[in-house]
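As C-alpha cells, the structure follows; a few thoughts come after it.
Chain A is the first sequence line, chain B the second, and so forth, proteins listed ahead of strands; every chain is numbered from 1.
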2 protein chains.
Amino acid sequence: MSVSDSTGITAPQTHKRPKDSDTLTDRAYQQLEEMIVTLRLEPGQVLSEAQLAEDLGIGRTPVREALQRLASEGLVNVLPRRGVLVSEINLSRQLLLLELRREVERLCARKAAQRATADERDGFRALADDLAAVADNRDDAGFMRLDLQFNRALVQAGRNEFAERAMRRIQGLSRRFWFQHYREVLDLERCARLHADVARAIARGDADGAATASDALMDYIVEFTRATV
Amino acid sequence: MSVSDSTGITAPQTHKRPKDSDTLTDRAYQQLEEMIVTLRLEPGQVLSEAQLAEDLGIGRTPVREALQRLASEGLVNVLPRRGVLVSEINLSRQLLLLELRREVERLCARKAAQRATADERDGFRALADDLAAVADNRDDAGFMRLDLQFNRALVQAGRNEFAERAMRRIQGLSRRFWFQHYREVLDLERCARLHADVARAIARGDADGAATASDALMDYIVEFTRATV
DNA sequence: CAACAGATATATCGCCCGCATGTTACGTCA
DNA sequence: TGACGTAACATGCGGGCGATATATCTGTTG
C-alpha cells in the first residue's frame, strides 16, 4: 500500500532533461503524477501527506504543494481533514474530459497548421512517416513514444501558452485512462493512421484539414473509450 | 461536483456566507485575485510573500499557496528567489487567451443548451431579459453583475467539471483586461444584447444557435480587445 | 443480550514560523 | 571607474502545534 520502494530523492533518470533548477516540489509532483498515471497508486486509495513525505524522503511542504497541483488537475481531491483521495476513473467523467480535449486539441491542430515553422513542418512530416511505420509493424511501445512526441509538438507549434497549459492538465487524466485500457481494445493501426493524418495536414499548412483530422481522431478516441466497458 | 467555492466578488463578507469553513488560503486567493484584477496590484510590480502576509494579517503559508494558484492561472509568475511578479497585460497575450476562451465557451454554451434543467432555462430567460433591460438603460454596474452571473450559470449548466475548471482559469486574466479597458471602448448595448442572444438560445435548447451566438459574442470581444490599442 | 448513545483516542490537515540557500544591490577599496 | 565582498532580502523547505473529523471504546438502556 505504501510506496516503500521509492528510488530516493535523486535523479528520476527518465528520458527527460535533468533540469538543474528542479525543486523538490517539482520532483514530488512528477513522481506522484507518474505513480498515479501508472496506477501504482490506485484510484480510491486514500493517502496522507506525512506518509507520502516519508516514502519520498522529503518534507511535508513539497508533498503538499505537489498534491495541490495534482488536485487542480483532478487527479486527486483532498478531503479536508481526512486525507487525499486518488480520484476514480469512471467512464462518464472520462467522456466529459474528452469533450474538452476535443475542442482544445482541434484549436491546437488548427493553429499549428497556421503557425508551424518550416522545421516544425518537417518534424510533423517525419512524425507522420514514423506513425505509418508503427501502424504497419504494430509496435506498441513505439506508438506510445510517438504519441507523446506528437502531443508535445502539437502544443509547441500551436504557439498558445494558455492552450498549452490546458492541454497539459488534460493529458494527465487522459494518460491514466489510456494506460489502464490500451491493451484491451486499442486499434493501434487505426489510431496511428489517424494521428498521421493530423500530422500531415499540419505539415502542409491545411488548417481546416487539420481540424477535421483532429476531430476524426477524437471520434476514434471516444469510440475507444466507450469500448472499455 | 468538486469543492464548490462560490467566489464572493469583494473582499469582506457579502450578504452570503454559506459556511465559514473558508480556509485562509481560499480567502487569501480571493483577496489577491481581486486586487490583481482590479489593478490595485499593478502589472510589473514585484511582491513578496512576507509583505503580503503582513498586509493580509495571516501567515506566509496560505499566501504562498494562494500565489501558486494565481501563478497557475497566469496572473502572476514567481521568480525563483526574487519574488512574485504581477504579470503584464499585453494585447497579443490577451488575443491568445481569447482563442482558447472561444473554444471552451462555445463548448459550454452548446452543452448548456443540451443539458440545462427547466429551472436553469428559466434562469437564462430571466437573465436575457435583465440583460436587455441593462442594454436599454446603459447600466454599467448592472451589466458587470449580470456578466458574472451569466458566466457562472453557463459553466454550471454545461455540466462539465473540466470545462468549468478551464473557464475559471481563463476568467481571471480575462476579467482583468476587461476591468482595465471597458470604460474606454466597450459598446455596452451591443455586448449585452450578444450575451442575451446566447442566454436565449440556451433557454430554448438550441445547441447550434447557442454555439453560433457564443461565437458572435467572442467576435465582438475580440473586436473590443483589438480596439484598445 | 443487543443496540445505541456518549466519551475518548487517533489520525490528518491547516497553519505558523524558523532555518538554509540563492539572488540582488550596494558600499568599499584599489 | 571597476571589481569584489558583504549585507539585505527573497523563496524553498522542514517540522511542530492545534483543530477537527473519524474510529474505537465504554457505559447505559430497552
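We find that CG of A/Asp26 is positioned 11 Å from C1' of D/dG12, with the value rounded to whole Å. The interatomic distance linking B/Arg27 (CZ) with C/dG14 (P) rounds to 14 Å, in whole Å. Atoms CD (A/Gln51) and P (D/dG15) sit 15 Å apart, rounded to a whole Å. With rounding to whole Å, A/Leu24 atom CG is found 12 Å from C/dT21 atom C1'. Atom CG in A/Leu56 sits about 13 Å away from atom P in D/dC13, given to the nearest Å. For the pair B/Glu49 CD and C/dT21 P, the computed distance is 18 Å after rounding to whole Å. Nucleotide C/dT21 holds its P atom 22 Å from the CG atom of B/Leu79, rounded to whole Å. Rounded to a whole Å, the CZ atom of A/Arg60 is 11 Å from the P atom of D/dG14.
Where A/Arg81 and A/Pro62 meet DNA chain D, the nucleotide closest to each residue was compared, and A/Pro62 sits on the side nearer the 5' end.
A donor N or O paired with an acceptor N or O is not found under 3.5 Å between the base of D/dG14 and the side-chain atoms of A/Arg64. You won't find any donor-acceptor pair under 3.5 Å spanning the side chain of B/Thr23 and the base of C/dG14, going by distance alone.
Of all non-hydrogen atoms in A/Val198 and A/Ala109, the two that sit nearest each other are CG1-CB, 4.3 Å. Contact between A/Thr38 and A/Phe179 at its shortest, heavy atoms only, is O-CE2, 3.3 Å.
Taking the six-membered ring wherever Trp is involved, the centroid distance between the rings of B/Phe143 and B/His195 falls below 6.0 Å.
In this structure, B/Arg82 reaches the C/dT24 phosphate: one of its side-chain N or O atoms is under 4.0 Å from OP1 or OP2. A close approach under 4.0 Å does not occur between any side-chain nitrogen or oxygen of B/Thr61 and OP1 or OP2 of C/dC17. Of the side-chain N and O atoms in B/Thr25, one or more sit less than 4.0 angstrom from OP1 or OP2 of C/dC15.
Electrostatic pairing of B/Glu88 and B/Arg93 does not count as a salt bridge here, judged by no charged N lying under 4.0 Å from a carboxylate O.
Within 4.0 Å of B/Leu67, counting heavy atoms only, lies no atom of the nucleic acid at all.
Side-chain proximity of B/Ile58 to D/dT22, C/dC16, D/dT20: nearest is C/dC16.
In this structure, CD in A/Glu161 is found 11.0 Å from CZ in A/Arg168, a value given to the nearest 0.5 Å.
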